[in-house]
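Notes to accompany the following structure.
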Amino acid sequence: MDSQPRPQILFSREQIEATVSNLATEINNNYRGKHPILIGVLKGSFVFMADLIRHLDFLLEVEFIRLSSYGRGRSTPGEIKVVQGLRSPIKGRDILIIEDIVDTGHSIAFLMDYLQKKKPASLRLCALTDKPSRRQVPVTIDYLGFTVPNKFIVGYGLDWDEKFRYLPDICFVEVED
Ligand code: PRP
């Protein structure tokens, strides 16, 4: 069997729970009385999205979008495309994007531009993790869970080679770029 990197805990499930709850309080305060669409960016956001929405107490809708993956951790983005689009129109709607990680920023910059062209009433970003040391394009994160070091992050939805998404903690693995 191939040797696999061994994930080490960066943020525990208890820390994640507390952070998700705090983020939800902030989001609840800002979206009270509104009826937004939360758009999860597949695949990495699905665990975070599932936990977050169960703390929210306003009328919300859930959508997912999937971008072509160019491999997180690479420094050159290549072409980013939408490979699974939205099922509902977003014109005039309040939109909150749910991401698992902002790394170079290319994916989210592309997505913000793509969604902005559809003329939503508002467009904000909630990211579970941010790795600012790798940023290549500027990104404004309206709601942020954790700032992470320049390590390969896995668990709680995030993968390494499609593995480790199921881990309940946010971990890192030592891998070669
Ligand atoms: C990850 C993550 C972001 C993107 C961040 O997706 O979900 O969308 O990379 O990287 P960037 O800021 O450098 O663009 P990935 O392509 O790994 O797909 P996945 O969510 O299906 O794991």
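All heavy atoms count here, side chains included; hydrogens, waters and symmetry mates do not. All ligand and atom numbering here is 1-based and tracks the order in the structure.
Distances between N or O atoms of G105 and those of ligand 1 include at least one value under 3.5 Å. Some N or O of D159 is nearer than 3.5 Å to an N or O of ligand 1, by distance alone. Looking at ligand 1, you'll find an N or O of G44 within less than 3.5 Å of one of its N or O atoms.
The shortest separation from a heavy atom of K131 to ligand 1 is not under 4.0 Å, leaving the residue out of contact. For the pair I101 and ligand 1, a heavy-atom separation below 4.0 Å is found.
Considering Q136, K43, E99 only, the shortest heavy-atom separation from atom 3 (C) of ligand 1 involves E99. Residue T104 holds the heavy atom nearest to atom 13 (O) of ligand 1 of all those in T104, L158, V102. The option from T129, V41, D100 that lies nearest to atom 7 (O) of ligand 1, judged by heavy atoms, is D100.
Each of the atoms 20 (O), 21 (O) of ligand 1 lies under 4.0 Å from some heavy atom of L42. If you number the atoms of ligand 1 from 1 as listed, the ones under 4.0 Å from a heavy atom of H106 come out as 12 (O), 14 (O).
Using a 4.0 Å cut-off between heavy atoms, D103 contacts ligand 1 through both its backbone and its side chain. Neither the backbone nor the side chain of I108 has any atom closer than 4.0 Å to an atom of ligand 1 (non-hydrogen atoms only).
For the side-chain contact (heavy atoms from CB on, under 4.5 Å) test with I170, the passing option among V154, L128, L158, I9 is L128; the others fail. The side-chain hydrogen bond (donor to acceptor under 3.5 Å, both in side chains) test with R135 is passed by exactly one of T104, D130, D103: D130.
A tilted orientation is assigned to the rings of F48 and Y156, their planes being inclined by 30° to 60°. Relative orientation of the F110 and Y114 rings is parallel, given thresholds of 30° and 60° on the angle between their planes.
Between the side chain of N28 and the backbone N or O of L56 there is no donor-acceptor pair closer than 3.5 Å. A donor-acceptor pair is defined here as one N or O able to donate and one able to accept, closer than 3.5 Å; such a pair exists between the side chain of D142 and the backbone of L125.
Shown here is E17, whose CD atom has no more than 12 heavy atoms of other residues, nucleotides or ligands within 6.0 Å.
Remark: the S88 side chain and the E63 side chain contain an N/O donor-acceptor pair separated by less than 3.5 Å.
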